[in-house]
Amino acid sequence: MSADHGRIAWQKATGFGQRSRVEAQIGRYKQVIGPELRGRNMESQTTETLIAVEALNRMTDLGRAAYERVI
C-alpha cells in the first residue's frame, strides 16, 4: 500500500499515528511516574494508576505543542 498510495495514506489506513502517540505516552508515564506499581493489592494498584494517569494527562494538556503541517 505504501508504494501504491504513499506513506501518509498507509499511516492513516493502519492507524499508525495513534499507535505512535500511545507508545510515546506510555514512555512518558514510565519516565515521570516510574516503571513499577507500589501498591500491594489490586485495589491500591488501580487507584495508584488512576491518579498517575490523571496527573500525566494534566501535564500533557498543559505542555502539548501545537503543530502545523508545512507543505
Side-chain angles (χ1 to χ4, degrees):
M1 180 170 181
S2 181
D4 294 336
H5 303 289
R7 184 178 53 86
I8 301 299
W10 168 79
Q11 287 181 352
K12 286 181 181 181
T14 61
F16 185 81
Q18 177 68 22
R19 177 182 170 191
S20 178
R21 284 191 294 272
V22 169
E23 288 178 1
Q25 192 71 346
I26 290 170
R28 280 191 284 278
Y29 181 96
K30 287 183 176 182
Q31 185 176 19
V32 173
I33 308 299
E36 55 196 37
L37 296 173
R38 291 156 188 82
R40 290 188 173 193
N41 60 30
M42 184 57 78
E43 184 179 349
S44 296
Q45 290 177 355
T46 302
T47 303
E48 177 185 347
T49 303
L50 291 173
I51 292 169
V53 166
E54 180 64 31
L56 190 62
N57 284 340
R58 289 177 108 190
M59 290 189 308
T60 301
D61 289 342
L62 289 173
R64 183 172 289 166
Y67 294 100
E68 289 186 27
R69 186 172 180 171
V70 177
I71 299 176

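Under a 3.5 Å cut-off, the side chain of Ser20 and the backbone N or O of Phe16 do not form any donor-acceptor pair.
Distance CE/Met59 to CD/Glu54: 11.0 Å, rounded to 0.5 Å. Here the OG1-CD distance, from Thr60 to Gln25, works out to 4.0 Å after rounding to the nearest 0.5 Å. Separation of atoms CG (Leu56) and CD1 (Ile51) is listed at 13.5 Å; rounding is to 0.5 Å.
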Please tabulate, for side-chain N and O atoms in residues 32-41, each donor-acceptor pair with protein atoms closer than 3.5 Å (sequence neighbours left out).
from  : atom 1 : to    : atom 2 : distance (Å)
Arg38 : NH1    : Glu36 : O      : 3.4
Arg38 : NH2    : Ile33 : O      : 3.4
Asn41 : OD1    : Glu43 : N      : 3.4
Asn41 : OD1    : Ser44 : N      : 2.8
Asn41 : OD1    : Ser44 : OG     : 2.8

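Around atom CD of Gln31, no more than 12 heavy atoms belonging to other residues, nucleotides or ligands sit under 6.0 Å away.
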